[in-house]
Amino acid sequence: MSHHTRTQNPGRRRGMRLAALVAAAGMALTACSGDSGVPGASNDDDGDEPPAAEGEATIRFAWWGSDTRHEVTQEILDNFMAEHPDITVVSDFTDWNGYWDKLATTVAAGDTPDVITQEERYLRDYASRGVLGDLNEHSDVLDLSNIDDSIIEAGQTDGGQYGIPTGVNAYAILADEQIFTDAGVDMPDDETWTWEDYVDIATQISANTDDGVFGAQDYGFNEPGFAIFARQRGESLYNEDGSLGFSADTLAEWWEISLQLRDQGGTPSASETIEIDAGGPEQSLVGTNSGAMAFFWTNQLEAVSNAAGRDITLLRHPGESQFERTGMYFKPAMFYSMAADSEYPEAAATLIDYLLNSEEAAELMLSDRGLPANTEVRAAVQDQFSELDQRSADFLAELEDEIVDGLPVPPVGAGEVAEITRRINAEVLFDRLSPQDAAEQFISEVETATGQ
């Protein structure tokens, strides 16, 4: 370990470790809704149907994901209902692409799901509009004692607890050691390397390998990478109040390094880069044995490794020991939230508690919603993780003492920032915008999108 001074998070709970938190994040869940009424509990006055038994409740749980996730989740819910025969859980499932439109429609129709899977970019939006309930009000049912404080804080906004993270991952570098070996370039000491080292290493690898093999993949399409870059310099992507927390000069520097890599051959041309980004993790340079380094979430290690057919190594970001502080952070894979107008909030809280704290549920879920945020549950099922999930867990454990804090909840409108970042990054790569002009345009567009 390097010995430079690192500021620690004063709010971190002593004795609790994030040791094996890894997110299969890329795969969040979401929701659509349905009627929250109890069968037979009609508001009609005709008296034809008897009232529901006391304590009987029907709630809806909404999520997004693949058919496999749907099957696993349904098995978990079946087990929950067997354990809680007075609660019926209706599944409301869709894929990621249609989730947010469907959720918006159901909320507008007054048909909000009782338990909602949320994503960090949208949490403040739904909380600020009064759609989500404050989970602090259900502490008698919902046990958060085995979840680290710094993770719980990620779901806090507007003075309430509007989401509970299911698990976490980290934004890191995935590196192909075989390409380093082929290029005759040593693997970096990722505890001490600088951004200058990163550029030099990528350039050397490109120069020492066959045509079509590059040192690195362009990093500019994803704002979490810039969030880390800004945090290293004592700035932030967003402030606690949702305003932007970085200077235009810092963002311009981020893009200047990207252009330096492109111009020196460390990364592909602009047109190649656009095509590679569109292909996703499996078609990335690392995934196709065409590049030594690329930035991805730790939960994507398995997909990229399987595509590459090689061992892929996780590395810290360059610059973690170079500036004021470390910038890397633990990101909640997703959140469980509750509808503020749920007819059966105690039943909804009971389901969330089960999803977070049940070993039986965790044995089925494993890393599907991130490795469990509950540290005791995670330890109980850790030996069932895949080898690559174990590797990611070890990497996150090594980061634990280096993580200073988490990110503030993004502002309302932050869901648009990913597309703004991707579009402006392309303009920079094609030299249609200078880094400084791009930074100014980014700030203007994000402030418009978020109303700041």
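Hydrogens, waters and symmetry mates play no part in the numbers below; they use all other heavy atoms, side chains included.
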For the residue pair [X] and [Y], confirm or rule out a side-chain donor-acceptor distance under 3.5 Å.
X: Ser367; Y: Asp389; value: yes
X: Glu253; Y: Thr250; value: no
X: Glu256; Y: Gln260; value: no
X: Asp437; Y: Ser434; value: yes
X: Thr298; Y: Asn169; value: no
X: Gln74; Y: Ser91; value: yes
X: Glu427; Y: Gln441; value: no
X: Asp200; Y: Thr203; value: no
X: Arg369; Y: Thr73; value: yes
X: Ser247; Y: Asp249; value: no
X: Asp197; Y: Thr194; value: yes
X: Asp143; Y: Asn357; value: no

Main-chain N/O of [Y] paired to [X] side chain as donor or acceptor, under 3.5 Å:
X: Thr117; Y: Ala62; answer: yes
X: Gln390; Y: Gln382; answer: yes
X: Ser290; Y: Val286; answer: no
X: Arg316; Y: Ala172; answer: no
X: Thr326; Y: Glu402; answer: yes
X: Asp95; Y: Gly98; answer: yes
X: Arg124; Y: Val412; answer: no
X: Ser258; Y: Gly220; answer: no

So do [Y] and [X] actually touch side chain to side chain, heavy atoms under 4.5 Å?
X: Arg231; Y: Phe323; value: no
X: Ile164; Y: Leu142; value: yes
X: Leu355; Y: Asp353; value: no
X: Leu174; Y: Thr313; value: no
X: Leu103; Y: Thr105; value: no
X: Tyr354; Y: Glu360; value: yes

Passing option when Phe226 is tested against Trp254, Phe295, Trp255 for ring pair (Phe, Tyr, Trp, His ring centres under 6.0 Å):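 It is Trp254; the other options fail the test.
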Cation-pi geometry met for Arg391 and Phe395 (6.0 Å, 45°):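 Output no; distance or angle outside limits.
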Do other residues, nucleotides or ligands put more than 12 heavy atoms under 6.0 Å from [X] [atom1]?
X: Glu346; atom1: CD; value: no
X: Glu275; atom1: CD; value: no
X: Glu363; atom1: CD; value: yes

Gln232 and its side-chain hydrogen bond (donor to acceptor under 3.5 Å, both in side chains) partner, picked from Glu324, Glu320, His317: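 Of Glu324, Glu320, His317, side-chain hydrogen bond (donor to acceptor under 3.5 Å, both in side chains) with Gln232 is met by Glu320 alone.
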Derivation and outcome, side chain to side chain contact (heavy atoms under 4.5 Å, CB included), residues Glu282 and Val304: CA-CA 5 Å; Glu282 289 85 353; Val304 175; over 6 Å; no
[atom1]-[atom2] distance between [X] and [Y], expressed to the nearest 0.5 angstrom:
X: Asp394; Y: Leu314; atom1: CG; atom2: CG; result: 10.0 Å
X: Gln161; Y: Phe335; atom1: CD; atom2: CZ; result: 9.0 Å
X: Leu237; Y: Leu244; atom1: CG; atom2: CG; result: 7.0 Å
X: Gln156; Y: Leu135; atom1: CD; atom2: CG; result: 10.5 Å
X: Asn306; Y: Leu388; atom1: CG; atom2: CG; result: 6.5 Å
X: Ser145; Y: Ile152; atom1: OG; atom2: CD1; result: 8.5 Å

Parallel, tilted or perpendicular, judged at 30° and 60°: which one describes the rings of [X] and [Y]?
X: Tyr336; Y: Phe61; value: perpendicular
X: Trp297; Y: Tyr171; value: tilted
X: Tyr219; Y: Tyr198; value: tilted

Minimum-distance pair of heavy atoms, taken over all atoms of [X] and [Y]:
X: Ile276; Y: Ser284; value: CG2-CA, 4.1 Å
X: Ile173; Y: Met293; value: CG2-CB, 3.9 Å
X: Thr421; Y: Asn222; value: CG2-N, 4.1 Å
X: Ala127; Y: Asp158; value: C-OD2, 4.5 Å
X: Pro411; Y: Thr450; value: CG-CG2, 3.6 Å
X: Thr273; Y: Leu429; value: CG2-CD1, 3.7 Å

Steps toward side chain to side chain donor-acceptor pair (under 3.5 Å) verdict (Asn425, Asp218): CA-CA 10 Å; Asn425 187 63; Asp218 179 74; 3.1 Å; yes
Glu302/Ser386 under side chain to side chain contact (heavy atoms under 4.5 Å, CB included): CA gap, chis, key distance, verdict: CA-CA 9 Å; Glu302 186 158 9; Ser386 70; 3.5 Å; yes
Is the shortest distance from a Lys or Arg side-chain nitrogen in [X] or [Y] to a carboxylate oxygen in the other one below 4.0 Å?
X: Arg325; Y: Asp405; value: yes
X: Glu445; Y: Arg423; value: yes
X: Glu235; Y: Arg233; value: no

